[in-house]
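Everything below concerns the one structure shown next.
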Protein chains: 2
Amino acid sequence: MEQVSAWRSHGGTQGVYRHASAATGTDMTFSVFVPDHAPGAKLPVVWYLSGLTCTHANVTEKGEFRAACAEAGIVFVAPDTSPRGEGVPDAEGYDFGQGAGFYVDATEEPWAQHFRMRSYIEDELPALVAAEFPVDMARQGITGHSMGGHGALTIALRNPGRFRSVSAFAPIVSPMACPWGEKALGGYLGADRAAWRAYDACALIEDGARLPDLLVDQGEADQFLTGELRTELLASACAAAGIPATIRYQSGYDHSYYFISSFMAEHLRWHAARLED
Amino acid sequence: MEQVSAWRSHGGTQGVYRHASAATGTDMTFSVFVPDHAPGAKLPVVWYLSGLTCTHANVTEKGEFRAACAEAGIVFVAPDTSPRGEGVPDAEGYDFGQGAGFYVDATEEPWAQHFRMRSYIEDELPALVAAEFPVDMARQGITGHSMGGHGALTIALRNPGRFRSVSAFAPIVSPMACPWGEKALGGYLGADRAAWRAYDACALIEDGARLPDLLVDQGEADQFLTGELRTELLASACAAAGIPATIRYQSGYDHSYYFISSFMAEHLRWHAARLED
């Protein structure tokens, strides 16, 4: 693992790191914020998965998470959203291919070789972070935005007990039921929709997966709310399954980092309360 | 004045606006954050002047000012750093010409026609903001970063009584005594250094200008500290003049928005305490 850059910020260190990923077969870049801490201390960690078109950089620059992480003593990890670079296939459009990995392990060609973001986020990167940073892997939370909210929900649902806290900003709640998701899951996984259910938060809940509880913020002025995000499907699935979900519609807010940053500190305090020793 | 964009953020409205400036003879773009407020209320306003290469967008995206402004009920205005566009002269290098107006009224050709940022920031934009936004112009504060810290200090020093609160992040404190400033003032104002003194915070203080008090944060790891910013000259000038200046050196912090955003909330609380009714 190579340190690309590091800044002193908000009483901690904001770093950017690069490593050769076995899962994706490419170099992968991610950012980590580590608040100052006592020597030898292990801090809880919150994973933030980003949305379509994003890299680690968007939330790192615009997410306004550092003050709250420093106050609560939380490490904040922001991975990239797909493999990238020469030799990695790509597609026209912002919603498939590079920048749009959808946190799946692709099975279709030409994607199957590199687009293995599920393995990367679930297995490879946690092992690296556990080895290289002062984190207590018994105290993990996960969140994300849009496609990354989909990632956070599905990864938490597939790994019961791993995350003490789960939240999302404007998540895609059911890729099987929206154009972005149908394009992505069809392209990466093929036509058999049964294989898609492991990557659909609502389907996972229908199939028996559970979360301890859940916080979701969703902007009412989000241009993707009715056509792509469909928050109401998650509310219904949680209600039917008895998952205590706090799903808040925020008047006037859109899909941007102006929305995310407005509620980031509240989400981190919500995670912090569940990640205490 | 035209609204370019507006986002709901942090319990307020973050807007970007454009207008035809008489001072610069160009269109000028600026951003304004207005927290929610009671109908008819007039809020205090803090001006933020940006540094070399920046537009309104850098602090608007990375400054992390909205939470503190919403909490204190402060309007936050971020202008551009120079005239821009076709027909506006420019120069090689990032430190002169477009993006580097240095908050002066240029007298040298070819700059004199458009590079009139002093008149724009001191006169034209305040009149526009007072007319178009819910601001109480009896309660103004000013701050800025680097070249914008220079702007904030010199504008406050030249306009006694206008600003109740003045602060700066890593300001250029004496352009007459650093390469950036000598290039800029020489280029915009000509060789007569007597004309430069109105644009040099330390010279203005030596010549009798005063501030009520002052907060400055300066990163100790700032690559421009010893060669360009020279914070020690401001400390000496304030001490000699009896200006109560709180000048803090912050260990490990550099010149970036990772530094600025770390101390933005403290600066805004410092302004808020001086801008109360």
Side-chain angles (χ1 to χ4, degrees), chain A residues 4-16 31-36 54 56-71 76 78 169-170 217-223 225 248-269, chain B residues 4-16 31-36 54 56-71 76 78 169-170 217-223 225 248-269:
Chain A
V4 178
S5 51
W7 298 271
R8 181 86 182 142
S9 192
H10 287 279
T13 302
Q14 178 63 62
V16 176
S31 82
V32 181
F33 178 70
V34 179
D36 292 353
C54 290
H56 72 281
N58 304 70
V59 72
T60 304
E61 296 176 357
K62 303 180 188 176
E64 303 195 21
F65 57 85
R66 281 176 289 271
C69 283
E71 188 178 335
F76 189 97
F169 302 87
D217 276 306
Q218 173 61 55
E220 283 185 348
D222 188 324
Q223 65 268 44
L225 172 53
R248 311 189 298 191
Y249 291 87
Q250 302 289 358
S251 176
Y253 288 85
D254 71 2
H255 201 62
S256 72
Y257 272 90
Y258 292 101
F259 156 68
I260 300 167
S261 64
S262 297
F263 299 100
M264 180 63 82
E266 278 186 58
H267 278 239
L268 287 167
R269 287 192 291 270
Chain B
V4 177
S5 52
W7 298 272
R8 181 83 181 144
S9 194
H10 287 279
T13 301
Q14 179 62 62
V16 176
S31 81
V32 181
F33 178 69
V34 180
D36 292 352
C54 291
H56 71 282
N58 304 70
V59 72
T60 304
E61 296 176 356
K62 303 181 188 176
E64 302 195 22
F65 58 85
R66 279 176 289 271
C69 283
E71 189 178 335
F76 189 97
F169 301 87
D217 276 307
Q218 172 62 53
E220 283 186 347
D222 187 324
Q223 65 269 46
L225 172 54
R248 311 188 299 191
Y249 291 87
Q250 302 289 358
S251 175
Y253 287 86
D254 71 2
H255 201 63
S256 72
Y257 270 91
Y258 292 101
F259 155 68
I260 300 168
S261 64
S262 296
F263 300 100
M264 179 64 82
E266 279 186 58
H267 279 240
L268 288 167
R269 286 193 291 269

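Note on naming: letters A, B, ... go to the chains in the order of the sequence lines (proteins, then strands), and numbering restarts at 1 for each one. The figures that follow rest on heavy atoms only: side chains count, while hydrogens, waters and symmetry mates do not.
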For the residue pair E71(A) / H10(A), report whether a side-chain donor-acceptor contact shorter than 3.5 Å exists. no
Please check if the distance between the ring centroids of F263(B) and Y253(B) is under 6.0 Å. yes
Among S261(B), S256(B), A67(B), G11(B), residue most engaged with chain A (heavy-atom pairs, under 4.5 Å): S261(B)
R248(B) and E266(B) ion-paired at < 4.0 Å: yes
What part of E61(B) gets closer than 4.5 Å to chain A, counting heavy atoms only: side chain, backbone, both or neither? both
Toward chain B, the part of Q14(A) with a non-hydrogen atom under 4.5 Å: side chain
Side chains of V16(A) and W7(A) in contact at under 4.5 Å (non-hydrogen atoms): yes
At a 4.5 Å cut-off on heavy atoms, which part of S251(A) comes close to chain B: side chain, backbone, both, or neither? backbone
